[in-house]
Structures are given as structure tokens and as C-alpha cells.
Protein chains: 2
Amino acid sequence: MARWTEAGRSFTDLILEVFRLNGLLLEAGDHLAAPSGLTSARWQVLGVADHGPVTVAQVARTMGLRRQSVQQTADALARDGFLAFVDDPDDRRARRIALTAAGRRALRAVEARHAVWVEGLAARVDLRALRATVAALRDATSLLQSPPPRGRRRRKD
Amino acid sequence: MARWTEAGRSFTDLILEVFRLNGLLLEAGDHLAAPSGLTSARWQVLGVADHGPVTVAQVARTMGLRRQSVQQTADALARDGFLAFVDDPDDRRARRIALTAAGRRALRAVEARHAVWVEGLAARVDLRALRATVAALRDATSLLQSPPPRGRRRRKD
DNA sequence: TTAAAATTGACAGGTACCTGTCAATTTTGA
DNA sequence: TCAAAATTGACAGGTACCTGTCAATTTTAA
């Protein structure tokens, strides 16, 4: 077994802290979305769909998720009246997602709460340190992405 | 709607980067665990149970999860022969989790792969920047935890 | 000492992801 | 041009979380 180095221990700390922060951020997102009858996942889908009528597959690509996951979320949003599916005259396979008035209203409300929340947090941290942290996390992200898993390639779905 | 400040935008970047990194880390964890027939979640449970016979509820508290979630994972691990439940003579409600030989073997193998992986990554980053990043994330974590949601208190379960 | 409170495991059911497969419908490139 | 490839939605089923509830069993505090 490899002996732990200082850097190894520090990187392990980073991993644990990312997990912890991720959980807290998801929780906060749900609290911001809940008053409008949404969850984090549904808010995100509404947010993407807000930029114009899009297909479920397009939303999935934008969010880095599977079509099938977004479909499920979109179906729930449609069931609850936040969005509607519209046939696409140019592609007989596709149905496009369009926000309803209720969907737009809910999205605006969540976005407003979100802005207030983020600004409140941002005001309590040092901007230079914040920027450095974002840069470091981006480095870590590209580090994790850099060695593309040998063997299999990108899947098409 | 609140106008976005520099710090607000930067904090938003931080959030997005944490989400991205979390996804990549989970994926990497699954890749480390898979060769031994485990997933990230099952590896974590085995790891906690390795420190001695523990109840499901104790594991859940250690991991910051619900009893019920850990129970499900533990049942799956027992079904696959990685651990066994043993009656506790001191508490007739409780059954304690004990790793089987196969469970210990799998855990050791995953931990060895994990150590190699972490050290490989850690060697490619600057230690000072890494430490600063961990500290900054810890600040963010405590920032998110500091304002305890008014109204309801800790739940007992 | 004993009644209230907490803990534990178990069960039911929900959310948000995932994979794999299928048929219908574009899009493509030889 | 037209067959192969890709895309899309739909369906089935799996993982890992969650909440709420229940009965059995400790633990506690009056």
C-alpha cells in the first residue's frame, strides 16, 4: 500500500470537502426552490427551457444528464402545470418544451431568491480568495477529465 | 431583481464548479470500486464497518445519511456476501455489521487503488494552493452551515 | 421505579439520477 | 439517391438517496 504524502492527504481533504459542500449546496437549492413548488432538479430544467422552446434531449445535453432523466423531470413539471409540450412542425419526432405562465412565474421567484442568497454569501468572503478557489477547482476538474478512460470512447447517447 | 456583483458572479462560478467536480469525483470513485464488485456507496459503508462491528444506525450517523439509506446498502452488501449481520448480546434491537473475508479483501483492494489514484493526482498540483483551496472550501462550508434555518430545530431521526 | 423519550430495524413510498432497448424519424455521406 | 447512422421519445428496470410510520427495545429523568 502506498504511504500517504502531505499532498495526498490534502487532496483527500479536498475531496471530502467537495462532497460536503455539494450536499449543502443542493440542500440550499431545494430550500430556494421549495416555496415555488419546485426542487433543484426541476428548477434547473425550467431554467434551461426558459431560453426558448427546446427538446428534452437538448436540455439533457445542456445539463450534462441523460435524456431519460430529464424526460422524467419534464413529465413531472408538465403534470404540475409548469410547462407544456408543443409539437415541432419541423421534426415529427420532437416535442418542444415551453414554460407556462405558472412556470415562468415560479422560475422568476426562485431566481430572485437565489440572487439574494448568493449575493448575501458572496458579500461575506474575500473576492481574491474566491477567484483563486474557483481557479483551483477548475484545475482539479480538468485534472480529473484529462486522462480520458482508456479503452472505450465517447458513447453516442 | 438584485443586480449581480463581481463577488456574486464568482460565487456562482464556485457553486457550478463544485457540482461539476462532485460528479467527476463520484464517477472516479465508482471506477475505483467497480473492479472489486462495489460502488462508491457500498465502499463507504464497508469502510466504516471495517473499524469494528457497528450498527447500521451508527454507520448512518458517521456518514451523515439516514438509517434507512444505509440499511438498504448494507442489505445489498450482505446479499452479495461482503458483510454479515451479527446479533448484539447487549441490545436485543440491534444487529451489528461485520465484514466477511470477501468484504475485507474487496475493501483492501479498493483502498489500494484509491491511494494510488489520489497520490497520482496530488503529485500534479501545487501543495500550497491545494491547502489554500481546502481552507477556502471549509470557509464556504461553515458559511453555509452558520445560519441555522430558523423555525425548526434538529430532528431526532 | 417507572413512565416518557429516544433508538433501532423494518416497511412503504417518493425523487433524481442511471443503463439498456425499441420504433419512428431525421440527417449523413458514399 | 438512398441506405447507414444518429437522434428522439418512450418504456422497463436499477441505484442511492430521501421522508414517514410502526413496533420492539433501550435509555432517561422525574
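Every chain is numbered from 1 and lettered A, B, ... according to where its sequence line falls, protein lines coming before strand lines.
For B/Ala109, the side chain to side chain contact (heavy atoms under 4.5 Å, CB included) test picks out B/Ser36, B/Arg113, with sequence neighbours left out. For B/Gln72, there are no side chain to side chain donor-acceptor pair (under 3.5 Å) partners, not counting sequence neighbours. Listed by chain and number, the residues in a side chain to side chain contact (heavy atoms under 4.5 Å, CB included) with A/Asp126 are A/Arg128, A/Ala129 (sequence neighbours excluded). Not a single side chain to side chain donor-acceptor pair (under 3.5 Å) links A/Asp75 to another residue, sequence neighbours left out. When the side chain to side chain donor-acceptor pair (under 3.5 Å) test is applied to A/Asp139, no partner is found at least two apart in sequence or on another chain. Remark: B/Thr141 engages A/Glu17 in a side chain to side chain donor-acceptor pair (under 3.5 Å) (not counting sequence neighbours).
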Grab the N/O contacts between the protein and nucleotides 8-10 of chain D below 3.5 Å, and write none if there aren't any.
from: D/dT8; atom 1: OP2; to: A/Arg61; atom 2: NH1; distance (Å): 2.7
from: D/dG9; atom 1: OP1; to: A/Arg95; atom 2: N; distance (Å): 3.4
from: D/dG9; atom 1: OP1; to: A/Arg95; atom 2: O; distance (Å): 3.2
from: D/dG9; atom 1: OP2; to: A/Ala57; atom 2: N; distance (Å): 3.2
from: D/dG9; atom 1: N7; to: A/Arg67; atom 2: NH1; distance (Å): 2.1
from: D/dG9; atom 1: O6; to: A/Arg67; atom 2: NH1; distance (Å): 3.3
from: D/dA10; atom 1: OP2; to: A/Gln71; atom 2: OE1; distance (Å): 3.4
from: D/dA10; atom 1: OP2; to: A/Arg95; atom 2: NH2; distance (Å): 2.9

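Contact check, B/Ser69 against D/dC18: a side-chain N or O comes under 4.0 Å of OP1 or OP2. Phosphate contact (OP1/OP2 of D/dA16, side-chain N/O of B/Thr39, threshold under 4.0 Å): present. At C/dT26, one or more side-chain N or O atoms of A/Arg92 fall inside 4.0 Å of OP1 or OP2 (strictly under the cut-off).
The closest side-chain donor-acceptor pair between B/Asp30 and B/Ser40 falls under 3.5 angstrom.
The nearest whole Å value for the distance from the CG atom in A/Leu38 to the P atom in C/dT15 is 13 Å. Rounded to whole Å, atom P of C/dC17 lies 18 Å from atom CD of B/Gln72. Atom CZ of A/Arg79 is separated from atom P of C/dA16 by 10 Å (rounded to the nearest Å). We find that CG of B/Asp87 is positioned 14 Å from C1' of D/dA24, with the value rounded to whole Å.
Direction change of the helix axis from one end of the helix from C/dT1-D/dA30 to C/dA30-D/dT1 to the other is 30°, with five pairs defining each end axis (rounded to 10°).
Of the residues in residues 41-51 of chain A, A/Ala41, A/Arg42 come within less than 4.0 Å of DNA chain C through at least one heavy atom, sorted by number.
Pairs of residues two or more places apart, or lying in two chains, that qualify as ring pair (Phe, Tyr, Trp, His ring centres under 6.0 Å) and include a residue from residues 36-79 of chain A are A/Trp43-A/His114. Listed by first and then second residue, the salt bridge (Lys or Arg N to Asp or Glu O under 4.0 Å) pairs that reach into residues 33-54 of chain B are B/Arg42-B/Asp80, B/Asp50-B/Arg108, sequence neighbours excluded. For residues 52-89 of chain A, no pair satisfies ring pair (Phe, Tyr, Trp, His ring centres under 6.0 Å), with sequence neighbours left out.
Residue-to-nucleotide proximity on DNA chain C shows that, of A/Gly64 and A/Asp90, the 5′-proximal contact is made by A/Gly64.
Between atom CG of residue B/Leu46 and atom CD of residue B/Glu111 there is a gap of 9.5 Å, rounded to the nearest 0.5 Å.
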